[in-house]
Each structure stands twice: as C-alpha cells, then as structure tokens.
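Data first, discussion second: the structure below is written as structure tokens.
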Amino acid sequence: MYKLDSKIPDGPLAEKWTRYKATCKLVSPANKKKLDIIVVGAGAAGAAAAASMAELGYNVKVFVYQDSSRRAHSIASQGGINATKNYKNDGDSDYRLFYDMIKGGDFRAREANVYRLAEISNNVIDQFVAQGVPFAREYSGYLSNRSFGGVQVSRTFYAQGQTGQQCTLAAYQALMRQIKAGKAEMYPRRFVLDLIVIDGKARGIIARNLVTGEIERHAAHAVVLATGGFGTVYYLSTLAINSNGSAAMAAYRKGAFMANPSMAQIHPTSIPVLNDYQAKLTLMSESLRNDGRVWVPKNKGDKRKPNDIPEEERDYYLERRYPAFGNLVPRDVASRAAKERCDAGYGVGSTGLSVYLDFRDAIKAQGKQAIAAKYGNLFDLYTKITGMDPYTEPMRIYPASHYTMGGLWVDYHLMTTIPGLYAIGEANFSDHGANRLGASSLLQCAGDGYFILPVTIGDYLSSEIKTPKIPVDDPAFDKAEKEAADKLKKLLSVNGSQTVTSFHKRLGHIMWQYSGMVRNEEGLNKALKEVKELRDEFWNDVKVPGKIDEYNHELEKAFRVADFFDLAELIITDALQRKESCGAHFREEYQTEEGEPMRNDEEYMYVAAWEYTGDHSPPKLHKEPLSFENVKVTKRSYK
Amino acid sequence: MKITLDIWRQKSPNDKGKFVRYELEGVSREMTFLEMLDYLNDKLIKEGKDPVAFDSDCREGICGTCGLFINGRPNGPVKGITTCQLNMSVFKDGDTITVEPFRAKAFPVIKDLIIDRSSFDQLIQSGGFISVNTGAAPEANSIPIKKEIAERAFDAGICIGCGSCVAACKNASAMLFVSAKISQLALLPQGQVEAKERVRTMVREMDRLGFGNCTNTGACEAECPKEISLWNIAKMNREYYKATLG
Ligand SMILES: Cc1cc2nc3c(=O)[nH]c(=O)nc-3n(C[C@H](O)[C@H](O)[C@H](O)COP(=O)(O)OP(=O)(O)OC[C@H]3O[C@@H](n4cnc5c(N)ncnc54)[C@H](O)[C@@H]3O)c2cc1C
Ligand code: FES
C-alpha cells in the first residue's frame with residue numbers, strides 16, 4: 001500500500017525551513033537552462049512561480065484559460081494579505097500567525113507548512129512593495145495595517161478593497177518581464193484537459209486551444225498546477241464563473257491524491273442571491289467586519305426598514321454569542337451563525353435569507369470620509385449591484401461558496417503523490433486546515449510561488465539534469481490525446497435537450513443543500529445518490545452545440561461540468577467519512593447543546609487523502625496523521 | 001420586457017461579419033446585461049442555433065474580460081462600470097440594443113464579440129514592470145512613500161486592462177492604458193530608477209502595435225469603467241519629455 005510521506009524536515013519548527021534550504025539539492029545555472037517546466041494557471045500563485053523560476057533560468061511555459069494571465073481569479077481578491085511585520089507593535093510574531101492559522105484551521109493543517117508560511121510572510125510583502133504594489137500607507141509614509149477575522153492583531157496589508165488586483169498585477173508584470181526576456185512563454189486561451197505521466201513521472205499536459213479547438217501536446221521535466229479553487233462546484237459562488245476543478249481532477253485520475261476535498265469555505269459576507277438568472281455572487285470583503293456590525297431584528301419577521309428598528313430591538317448575534325471576537329469571528333463561525341438566525345426565521349430581505357451589516361456606528365464614530373477611505377470601492381460595488389447605499393442603510397449579506405481549503409495533496413516540497421507534479425496556491429490543500437483565515441490565501445499563493453516552489457522544485461529537478469527534452473510523440477501523449485478528444489466528442493454527440501448550465505445549476509443546488517454549511521449523514525447519502533443520477537442524466541440528455549474544432553464555449557463548459565460531477569462525489573464521500581465537526585465542515589450529528597462544533601481528535605486528527613481507483617470503483621482513503629508538537633490542541637473557541 | 005438585439009456575428013477572424021437581429025422576450029429588469037445574453041444563448045442552444053460568443057469571467061468588474069460596445073458606447077450607457085456591471089433595469093420594454101465587439105486594429109475579432117487583446121500584454125512586456133528579481137527586495141518600510149503619492153499610484157494602478165479606452169477613442173489609442181502603468185510606476189520611488197527607459201520603450205511599442213495617436217478629446221477617461229484620470233496622460237507626457245530631452 002502507498003505510504004504518504006509528507007517529507008517534513010527534522011529539527012525544531014522554527015529551523016526546519018532554514019535547514020531544508022541549507023541542505024536541499026540544487027541545480028546549477030548551466031543545467032537549469034536545459035530543464036523545462038510547465039505551469040498551469042497564472043494567478044497570484046502561478047505567475048509568481050513562473051516568473052521566479054524563469055528568473056532562476058528554467059524554461060517556463062505558462063498555460064491559462066483567459067486571454068491574458070492578468071485576468072486570473074486572484075485579481076478579484078479584495079481585502080488584504082497578512083504578514084508578521086509587527087509594525088503595530090501589537091505583539092505579532094511568526095509564531096502568532098502560525099498559531100492563528102493552526103487554530104483558525106481547527107487543528108487540521110500541517111504544522112511545518114504553516115510555520116514556513118508565517119516565516120516567509122515578510123519577504124512576500126517586501127517583494128510586492130519592491131514590485132510597485134501601492135499598499136495603503138499612513139501619513140508618515142509607512143505602511144498601514146488592518147485586522148481580519150479570527151485574530152486579535154492588526155497584520156493585514158491592503159490596497160483599499162483591491163489588494164488581490166494589485167498583488168496579482170505585480171506578479172503578472174514580473175512574468176511579462178520574463179516573457180520579454182525569452183525565459184517564459186505564455187499560452188493563453190488554453191484549457192488543460194489532461195496530465196501526462198510517463199514512467200510514473202509528470203511529463204506534460206494535453207491542452208485545448210480554446211480559439212481553434214485544436215488539441216495540443218506540451219512536454220516538460222516537471223508540471224506545476226496553480227489552477228485555483230473549485231468553489232464553482234456549488235454553481236453560485238464568489239469565484240470567477242469559469243473557475244473549475246478539471247486540471248485537479250485530471251491529476252487525481254492520473255494518481256495524485258486529493259486531500260480534504262470537503263473542506264469548502266462558505267464566506268459569510270456575500271451579496272445575497274437576488275434572482276434566478278444569477279450566474280455569480282459578489283463578495284463583500286471580510287475587512288468590512290472591522291467596522292461593520294452584524295445584526296438581525298430581535299423579533300421574527302420584523303418587516304420595518306432597518307433604520308426604523310430601534311437599538312434595543314436589534315440582535316447583534318455575533319457580539320452576543322462571541323464576546324471576545326465579536327464581529328471578527330472566523331468565517332465558518334460567522335456563516336453558520338447567519339444561517340442559524342435565518343433558519344430560525346429572523347432573516348431579513350424579501351427571501352428572509354440575509355442579515356444586516358451595519359456601518360451606522362462606525363460612520364458616527366469615525367466620519368463618513370474615514371469609512372469611505374477604507375471601503376469606498378466596496379461600497380460602490382455594493383451600490384452598483386443592489387442600488388442601495390451602505391452609507392445610509394445597512395448592507396444585506398448572506399454566506400456564499402468562496403474558497404476550497406481542500407485540494408491536491410502535497411508534501412512539504414509542494415509535490416503531489418505523482419513525482420514531478422506540484423500543486424501551489426489554492427489548488428493544494430496544505431495550509432488552511434478545515435477553515436482559512438482571511439488574507440492568508442494571497443499570502444500562501446505568493447509564498448508558494450515566489451519563495452517555496454522555486455527552491456523545492458530544484459531538489460527534484462537535480463535528478464533530472466540528464467533527462468533530455470521529453471518527446472511529445474511518446475505513446476502516453478497519443479493515449480491521453482485520444483481520450484481527451486473522445487470525451488469531447490462524446491459530449492457533443494449526446495445531443496440531448498438540456499443545457500450545460502441547467503445541469504450545473506442543479507448540481508450546485510444539491511451541493512449547497514446537503515454538502516454546504518451544515519451537513520448530516522442522511523443528507524449526504526441523499527446527495528451522493530442525486531449526484532450520480534444527475535450525472536447519468538447529463539451524459540444522456542445534455543445539449544452541446546457546435547463542433548470540436550472551433551471556438552466553442554458550451555463544449556468548454558460541458559467538459560468542466562462533467563468533472564464537477566466527479567468532484568462533487570468525492571467531496572460528499574469525504575464529508576461522509578469525517579464523522580466530526582471541524583472548521584467549515586459542520587456535521588449536525590456532532591455539535592454541543594449550544595450548537596458549537598464538536599471535533600473528534602482521537603479519530604479524525606488526520607488529512608484525508610483520496611486515491612482514484614477507477615471510474616466505477618470508490619476512491620481509496622489514505623490518512624496522513626497530524627501531530628501538534630508546538631501548539632496545545634484546544635477546543636477552538638472565540639467566545 | 002421585450003428587447004430587440006442587433007448583435008455582431010462573425011464566425012472567425014477572416015469572416016466579414018454582420019449584424020443579426022434577435023427578438024428576445026421575457027427579459028427581466030433584474031438581469032445583468034450578461035445574464036440577458038446568457039438567457040439569449042440558452043434559447044439559441046435550445047433552438048439548435050449557434051450561441052453568441054462573448055467573454056466574461058469575474059462578473060464583478062475587476063478582471064477586465066467582458067467589455068462590449070453597447071449602443072455605440074463601451075460598456076453601454078452607464079458611466080464608470082464594466083459590461084458585466086450593467087443592469088437591464090437601465091433599458092425599457094421595447095428597446096433596441098446594438099451589441100458589438102470593441103473595435104481597433106490592435107484588437108482583432110476572434111469570434112462574434114470576442115477580441116484578441118494580447119497587444120495589451122505586449123505593451124506591459126515592453127516595460128510595464130519594475131525589474132526586481134524575487135529575493136532582491138529590501139525591507140518594505142525602508143522606503144517611506146507619501147500617503148498621497150501611494151494613493152495616486154493606486155488610482156493609476158487600478159486599470160483592469162479591458163480596452164474600453166481604446167474602443168472609445170476614434171484613433172484607437174492606448175494612451176490611457178499605457179500612461180496609467182507608466183505613471184503608477186513613475187510615482188513610486190521603486191519605479192523611478194527605470195522610469196526613463198520604461199516610457200521610451202512603452203511608447204515605441206504602442207506605435208509598433210498599431211494603436212493610434214492621442215486625440216486629446218478625453219473620450220477614454222469618460223468611458224473608462226475605473227474612471228482613470230487623464231492626468232496620467234499628462235504625467236506620461238512629462239515623463240516622456242524628461243526621457244527624450246534629458
Ligand atoms: C472575491 C474574492 C475575494 C478574495 N479576497 C481575498 C483576500 O482579500 N485575501 C486573500 O488572501 N485571499 C482572498 N481570496 C482568495 C484568493 O483570492 C484566492 O484563493 C487566490 O487568489 C487563488 O489564487 P491562485 O493563484 O491559486 O489561483 P487563481 O487566481 O484562481 O488562478 C487560477 C489560474 O489557473 C488557470 N486555470 C484554471 N483551470 C485551468 C485549466 N483547466 N486549464 C488552464 N488553466 C487553468 C486560470 O486561467 C488562472 O490563471 C478571495 C477570493 C475571492 C473569490
Ligand atoms: S467579467 Fe470581469 S470585468 Fe466583467
């Protein structure tokens with residue numbers, strides 16, 4: 001049986017990364033020139049990695065589905081990025097960020113990876129500033145910070161509500177510079193359909209040129225997946241609508257284990273669903289909870305306008321339930337609390353499926369201008385979508401699918417279970433456990449891309465320096481190309497009566513209903529059955545117009561939705577297996593009388609890594625036990 | 001609502017292309033413009049017809065993918081928004097709406113409403129960066145930057161690369177796009193070292209790629225979904241004179 005080896009270096013926690021760097025194998029500059037690396041995806045993670053590896057001298061080929069890598073979903077990330085600079089002198093340190101993330105992740109993340117991230121967080125900020133990211137500053141000219149949920153220090157760097165945009169563009173520009181220098185090559189409008197494995201090693205990809213429909217082969221000595229999250233499995237989400245799980249699923253089918261796929265973050269503050277046609281939900285950054293207060297009326301079904309409801313008739317339920325953290329409790333806690341109030345009949349808006357996020361008191365205390373300076377563009381965004389003005393009446397918000405903590409299993413080197421295949425950024429599982437804290441994803445993406453992968457990949461490639469260019473006429477390419485083409489042709493040939501989107505919506509509905517913020521065994525089993533039935537219906541009745549060898553957006557969507565079915569099944573299987581409540585995974589059977597989650601450390605203190613065993617056989621569970629030597633495992637409480 | 005749509009249909013880059021009329025019933029005021037196009041495509045697919053090809057991704061006005069020319073204006077009649085942020089509530093029952101791709105020599109049409117904007121990437125490649133390798137950065141607070149300077153750089157840096165400025169300009173000039181990057185980087189001490197070289201190479205590249213000259217009419221600023229200021233063009237011109245005269 002395959003044994004998971006997380007390859008965590010020896011030594012005290014704070015010295016592991018330094019020791020690793022001092023002892024890992026290196027590739028000489030002359031040899032780097034002979035080595036090719038494929039990077040799939042160029043958001044914050046992929047662009048940072050591709051640029052940094054090209055700077056080192058490797059030949060890098062980058063694949064993205066958008067027309068430009070500047071449009072990767074990272075561009076939409078809003079609120080900020082964490083680092084342990086301790087500019088505020090409020091007691092921050094690497095250890096504290098590490099501790100906050102471990103606790104925030106409900107003791108389901110790997111200690112060594114998380115500590116390393118905290119350790120390099122300051123380098124990430126230095127790098128971005130040097131690249132020209134215009135982070136917010138104080139009047140003194142020094143960098144400014146704000147707080148995010150789940151922590152009691154102020155360590156988040158930000159550029160209004162467009163931090164992700166600024167960081168992503170910085171990484172994008174670094175990559176553009178390498179393209180100009182001839183060290184990196186960009187393949188835009190390519191959708192990666194499959195991964196090539198030769199003699200057990202990742203050696204290339206099969207991609208579809210989205211403009212011509214042509215199926216292409218690309219080979220390399222190593223492959224990096226930086227394909228982002230698959231929260232779009234819920235259909236409506238805060239992600240870009242074309243975000244997908246296809247590359248990750250291709251890797252999974254080729255032998256990469258998928259870890260904790262059910263750990264999906266439902267973000268508490270999204271603009272609620274407004275109508276049936278909606279294709280996408282818009283996030284209102286968590287940073288708003290710094291100044292906004294969350295409440296619902298104390299009386300059920302109170303139909304008065306929010307401003308007409310007097311103070312004593314408002315239930316600031318987060319402040320009431322969690323006095324220590326108040327409105328800044330972590331996301332999973334805030335989401336469930338909103339759902340609890342709405343399910344109990346206290347929700348507001350026409351559907352009763354939303355709660356208020358109110359800035360009245362903050363505006364009173366700090367003035368409108370100060371609030372506008374912090375959140376101006378988020379308020380504008382809200383007004384554009386809803387037609388309502390958050391300066392004068394509270395926002396209405398509700399939870400939405402947002403982030404996947406789970407993803408491809410990787411070891412300390414960020415390598416998957418397929419040698420030579422790496423996963424970075426949101427596509428891997430490693431740092432956020434069962435719940436991610438705000439402003440820590442951009443950090444992880446940039447940390448993986450700039451500072452970790454460029455080092456660890458050398459350790460692997462040092463043994464590849466004698467491997468000549470990988471030929472694209474290897475039988476593995478023939479086979480994968482044929483399979484990919486067959487799958488596309490099959491999708492076209494069904495010629496049924498229902499659109500791809502209608503299937504995606506129904507799938508999303510099942511997932512949201514039974515495998516969302518709250519889960520239970522009965523519901524999950526039902527979901528499993530319904531997903532299987534829906535998949536059968538899809539393969540018998542989907543209608544995909546057009547041809548294979550042309551621009552065909554419906555075919556592209558159909559391919560993704562086909563993968564979403566398999567991914568959904570895996571998510572549900574994982575959720576069923578984990579008979580405890582931890583972080584974002586809340587199983588109704590395992591809760592206290594007050595409705596707080598009940599973890600089961602004795603039996604579930606592990607990472608669940610799933611191995612593909614065939615389309616018609618259940619995935620096989622491997623467990624990576626987690627041990628906590630540097631923190632005391634406690635009940636996670638924000639009371 | 002019932003809407004009449006005149007949509008540009010073009011099979012491929014070399015196809016001549018033409019407007020095709022669609023009568024669309026059952027449009028809701030609550031739809032966004034792109035949801036209305038989704039709805040149209042749904043119908044076309046069910047009728048066995050070729051859906052209209054258009055691009056979008058974030059659907060919240062930040063990725064810059066979706067820009068369309070609607071009723072003769074980039075992103076339609078509302079100021080300061082991208083196409084994906086346009087709501088159908090601004091239209092009335094019975095309206096006719098013309099929908100075209102952004103037109104510019106440097107943005108060839110791929111299919112229907114989808115254009116190739118890789119020229120924007122090439123512009124950035126020609127100098128829209130600070131040449132700092134990973135690992136070479138000094139401590140972030142070692143260079144204080146005046147708050148207002150950082151804010152100005154941010155205001156220039158929020159460009160989403162959608163191409164509305166090019167589409168709005170009768171000369172299809174990329175001045176606003178290029179100047180936003182040049183002034184963002186020239187404002188910051190980190191970017192000043194390469195400022196002269198940057199402005200020279202980026203301006204040269206802009207000409208090479210077939211973007212037109214600036215008309216100084218300000219159509220770009222008026223139509224920019226992020227309301228990026230013409231001030232950047234003035235700043236870039238100053239930088240250019242410094243670089244070529246100095
Ligand atoms: C609205 C919103 C706000 C957020 N705000 C914050 C925040 O304030 N702070 C924070 O830390 N995090 C935030 N996050 C989370 C964070 O933005 C993401 O986790 C992060 O950007 C993911 O980056 P990535 O590089 O891993 O992937 P992405 O940026 O998602 O990039 C994925 C890349 O993969 C490519 N790709 C995907 N599939 C394929 C395929 N099959 N073939 C070819 N290419 C493919 C895409 O083209 C793209 O280039 C936010 C997320 C959202 C949705
Ligand atoms: S789809 Fe991203 S800006 Fe419109």
Side-chain angles (χ1 to χ4, degrees), chain A residues 51-52 55 66-68 70-71 73 75-76 85 87 123 125-127 129-132 134-143 159-160 162 165-166 169 173-174 176-177 179-180 186 188 211 240-242 274-275 277-280 282 381 384-385 450-451 454 499 501 543 545-546 551 553-554, chain B residues 28 30-31 34-35 38-39 42 45-46 48-51 53 55-65 81 85 110-111 114 116-118 120-121 124-126 128-141 144-147 150-151 153-154 157-158 160-161 184-185 188 190-191:
Chain A
S52 305
E55 285 165 9
Q66 290 94 344
D67 67 328
S68 162
R70 68 177 293 144
R71 310 199 197 285
H73 182 58
I75 202 86
K85 291 281 190 188
Y87 287 158
N123 302 85
I125 298 302
D126 295 345
Q127 189 64 31
V129 169
Q131 288 172 333
F135 285 123
R137 290 180 181 261
E138 307 287 349
Y139 282 105
S140 61
Y142 292 106
L143 290 156
Q160 285 203 20
Q162 283 166 235
Q165 181 198 29
Q166 296 306 312
L169 289 180
Q173 287 162 202
M176 290 299 114
R177 174 174 162 241
I179 289 176
K180 187 71 179 174
M186 180 60 79
V211 175
I241 56 170
N242 299 307
L274 301 170
N275 60 62
Y277 316 102
Q278 214 162 330
K280 145 93 203 218
T282 300
L381 190 61
K384 272 174 194 160
I385 293 173
Y450 284 124
F451 296 107
T499 62
T501 302
K543 185 170 182 71
Y551 175 92
H553 190 55
E554 287 298 310
Chain B
S28 154
E30 290 186 332
M31 291 176 178
L34 294 185
E35 281 159 12
D38 288 339
Y39 173 68
D42 233 54
I45 294 165
K46 284 189 188 136
K49 295 186 184 137
D50 192 21
D55 241 356
S56 74
D57 206 19
C58 75
R59 297 233 177 163
E60 59 179 68
I62 192 73
C63 73
T65 306
I81 58 166
Q85 291 176 306
I110 292 176
K111 185 178 180 186
I114 300 184
D116 177 358
R117 262 173 309 210
S118 46
F120 268 14
D121 283 339
I124 298 297
Q125 284 160 25
S126 71
F129 46 74
I130 293 172
S131 301
V132 53
N133 277 6
T134 302
E139 206 287 320
N141 252 351
I145 301 173
K146 266 200 166 144
K147 185 174 162 69
E151 282 167 3
F154 174 82
I158 59 171
I160 56 174
Q184 179 201 341
L185 298 179
L188 301 167
Q190 291 86 347

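Here is how names work: the chains are called A, B, and so on, in the same order as the sequence lines, proteins then strands, and each is numbered from 1. The basis for the numbers below is simple: all heavy atoms, side chains too, and nothing from hydrogens, waters or symmetry mates. Note that the structure is predicted; figures quoted are calculated from it, not measured.
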B:R117 vs A:R71 side-chain heavy atoms within contact, under 4.5 Å: yes
Could you check if a side-chain atom of B:I124 sits within less than 4.5 angstrom of a side-chain atom of A:Q173, using non-hydrogen atoms only? yes
Side chains of A:Q66 and B:T65: any donor to acceptor distance under 3.5 Å? no
Going from CD1 on A:I385 to CD on B:Q85, what distance comes out if it is rounded to the nearest 0.5 angstrom? 6.5 Å
Using a strict 4.0 Å threshold on nitrogen-to-oxygen distance, state whether B:E35 and A:K280 make a salt bridge. no
Residue from B:G61, B:S28, B:S118 scoring the most non-hydrogen pairs under 4.5 Å with chain A is B:S28
Taking every non-hydrogen pair under 4.5 Å, which of B:G64, B:A150, B:A136 racks up the most with chain A? B:G64
In terms of heavy-atom pairs under 4.5 Å with chain A, the winner among B:A153, B:P138, B:A53 is B:P138
For chain A, find which of B:L185, B:D42, B:D38, B:L34 contributes the most heavy-atom pairs closer than 4.5 angstrom. B:D42
Least distance between heavy atoms, B:A140 atom then A:L143 atom: CB-CD1, 3.5 Å
Identify the heavy atoms of B:K46 and A:T499 that sit nearest to each other, and give their distance. CE-CG2, 4.2 Å
Side chain to side chain, A:N275 and B:M31, heavy atoms closer than 4.5 Å: no
Chain B heavy atoms under 4.5 Å from A:Y87: which part of the residue, side chain, backbone, both or neither? side chain
Give the member of B:S56, B:G191, B:G161 that has the highest number of heavy-atom pairs under 4.5 Å with chain A. B:G161
Using a 4.5 angstrom heavy-atom cutoff, name the option from A:R177, A:Q166, A:M176, A:E55 with the most pairs to chain B. A:R177
Side chain / backbone / both / neither for B:L188 at chain A, heavy atoms under 4.5 Å: side chain
Heavy-atom pairs under 4.5 Å with chain B - which of A:Y142, A:Y551, A:F451, A:Y450 has more of them than the others? A:Y142
Between B:D57, B:I62, B:I130, which residue shows the highest count of heavy-atom pairs closer than 4.5 Å to chain A? B:D57
Check each atom of B:I110 against the heavy atoms of chain A and say whether the ones under 4.5 Å are side chain, backbone, both or neither. side chain
Can you say whether B:I160 sits under 4.5 Å from chain A via the side chain, the backbone, both, or neither, judging by heavy atoms? both
Out of A:A136, A:S140, A:A159, which one racks up the most heavy-atom pairs below 4.5 Å with chain B? A:A159
A:N242-B:R59 side chain donor-acceptor pair, cut-off 3.5 Å: no
Side chain, backbone, both or neither of B:Q184 within contact of chain A (heavy atoms, under 4.5 Å): side chain
Any chance you could measure A:K85, atom NZ, to B:N141, atom CG, to the nearest 0.5 Å? 7.5 Å
So which residue, A:H73, A:M186, A:Q160, ends up with the most heavy-atom pairs under 4.5 Å with chain B? A:Q160
May I ask you to say whether B:D116 pairs ionically with B:K111, meaning some side-chain N is under 4.0 Å from a carboxylate O? no
Heavy-atom proximity to chain A below 4.5 Å, by part of B:E60: both
So, do A:Q162 and B:F154 sit near enough that their side-chain heavy atoms are less than 4.5 Å apart? yes
Chain A contact via B:D50 - which portion, at a heavy-atom distance below 4.5 Å: neither
Option that, when pairs with chain B are counted at under 4.5 Å, heavy atom only, ranks first among A:I125, A:N123, A:I179: A:I179
Could you look at A:L169 and say if it's the side chain, the backbone, both or neither that has a heavy atom under 4.5 Å from chain B? side chain
Given the options A:Q165, A:E554, A:K180, which has more heavy-atom pairs under 4.5 Å with chain B than any of the others? A:Q165
Can you tell me which portion of A:L381 sits under 4.5 Å from chain B's heavy atoms? Options are side chain, backbone, both or neither. side chain
What are the two closest non-hydrogen atoms of A:R137 and A:G141, and how far apart are they? NH1-O, 2.8 Å
